[in-house]
Amino acid sequence: ARTFSEDIAPAAGEHLEVELVLLAGGAVRGRGVDEKGAPIAGAEVQALGREFFGNPTADLRETKSDADGRFALTGLTPGKVWLRTEHEDYQELLSTPFELRDGEQREHGDIVLSEGLVVAGTVLFPDGAPAVGTRVSVEPDLAENLAGNPVDPRAYIGNDNHDEADDTGAFRITGLG
């Protein structure tokens, strides 16, 4: 498992001896599904750890779900862990944190992803012709950050989701928070 030392600040010329204890770590298994319970293949599942102002700051491990939506993350650093699950067709989801012990084999169960909020429309040129191939993207407005904290990952759900206008100029962006 990934190991972190305590913060150290040696003085110039000072030599420190640091002992790191390597642990086997824990494991988390689960399944990504949609709101109807159908498996989601190819979802990115990240285990995050450590925290800063109550938010995760370290990527511990990541994997993708298989054709049955199943995933397994092994060798995770013991302590507080969050799972972040992403798929281009769904809203990103950050779990509530849970404590993982060294050697623990946790069955997390189903992670249910929803389509989230959707922005759809049509891009046209001033003459009314469709703007085929135009990239339409969504960026967060941190001035209106409802999460209240610019380091809060919920402020970025759906950040940079995008679509290209089709032959009629139509676009559809999903997975927004």
Side-chain angles (χ1 to χ4, degrees), residues 2 28-73 76 80-98 100 106-177:
R2 188 172 179 185
V28 177
R29 291 172 174 69
R31 190 171 74 120
V33 298
D34 67 17
E35 294 171 301
K36 296 177 183 174
I40 299 174
E44 294 179 26
V45 183
Q46 292 178 303
L48 305 171
R50 300 189 64 136
E51 68 180 296
F52 182 70
F53 290 111
N55 298 302
T57 60
D59 293 340
L60 302 177
R61 294 269 190 261
E62 64 182 70
T63 190
K64 286 193 175 198
S65 60
D66 65 16
D68 295 324
R70 299 203 176 282
F71 67 88
L73 294 158
L76 300 178
K80 192 179 282 190
V81 175
W82 291 257
L83 295 180
R84 178 171 45 211
T85 309
E86 299 175 293
H87 189 282
E88 63 184 9
D89 296 331
Y90 299 92
Q91 184 179 24
E92 176 185 325
L93 182 66
L94 180 64
S95 74
T96 55
F98 55 89
L100 187 67
R106 176 184 287 258
E107 180 57 46
H108 190 74
D110 287 350
I111 296 176
V112 181
L113 298 180
S114 71
E115 183 179 48
L117 300 175
V118 176
V119 173
T122 305
V123 183
L124 302 173
F125 288 112
D127 67 2
V132 178
T134 299
R135 178 184 163 106
V136 181
S137 63
V138 176
E139 304 277 334
D141 177 0
L142 295 180
E144 297 294 326
N145 180 357
L146 298 178
N149 182 339
V151 296
D152 188 329
R154 293 173 295 178
Y156 300 93
I157 291 175
N159 179 44
D160 200 35
N161 285 14
H162 63 273
D163 193 19
E164 282 192 12
D166 66 15
D167 292 340
T168 67
F171 68 91
R172 180 178 167 85
I173 302 172
T174 61
L176 304 174

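The shown structure was predicted, so the numbers you read here are calculated from the model rather than taken from an experiment.
Two residues are said to be in side-chain contact when any heavy atoms from C-beta on lie closer than 4.5 Å; V81 and L100 meet this criterion. Residues V118 and I173 are not in side-chain contact: their nearest non-hydrogen atoms beyond the backbone lie 4.5 Å or more apart. With a 4.5 Å cut-off on side-chain heavy atoms, R31 and D68 do not count as touching. When side chains are defined from C-beta on, L60 does not count as touching L48, because their heavy atoms never get closer than 4.5 Å.
Here the straight-line distance linking atom CG of L76 with atom CG of L83 works out to 8.0 Å at 0.5 Å rounding. The distance from atom CG of D110 to atom CD1 of I40, rounded to the nearest 0.5 Å, is 10.0 Å. The distance from the NZ atom of K64 to the CD atom of E44 is 4.5 Å, given to the nearest 0.5 Å. Atom CZ of R84 is separated from atom CD1 of I111 by 12.5 Å, given to the nearest 0.5 angstrom. Note that CD of E86 is 9.0 Å distant from CD of E62, once rounded to the nearest 0.5 Å. Atom-to-atom distance recorded for F171:CZ and D166:CG is 10.5 Å, nearest 0.5 angstrom.
Shown here for A67 and A41, the closest heavy-atom pair between the two residues is CA-CB, 3.8 Å. Looking at every heavy atom in both residues, G30 comes nearest to E107 through CA-OE2, 3.8 Å. Residue Q91 comes nearest to G116 through the heavy atom pair OE1-CA, 3.6 Å, listed as atom of the first residue, atom of the second, then distance. Pairing each heavy atom of W82 with each of S95, the nearest pair is CD1-O, 3.2 Å. Of all heavy-atom pairs between S114 and E35, the closest is CB-OE2, 3.2 Å. Closest of all the heavy-atom pairs between G169 and P130 is N-CB, 3.5 Å.
With L113 as the fixed residue, the side chain to side chain contact (heavy atoms under 4.5 Å, CB included) test singles out one of L93, D34, D89, V33: L93.
The pair R172-E164 fails the salt-bridge criterion, with no side-chain N (NZ, NE, NH1 or NH2) lying under 4.0 Å from an Asp/Glu carboxylate O.
Taking the six-membered ring where the residue is Trp, the centroids of H108 and F98 are separated by under 6.0 Å.
Not a single donor-acceptor pair under 3.5 Å links the side chain of S65 to the backbone N or O of R70.
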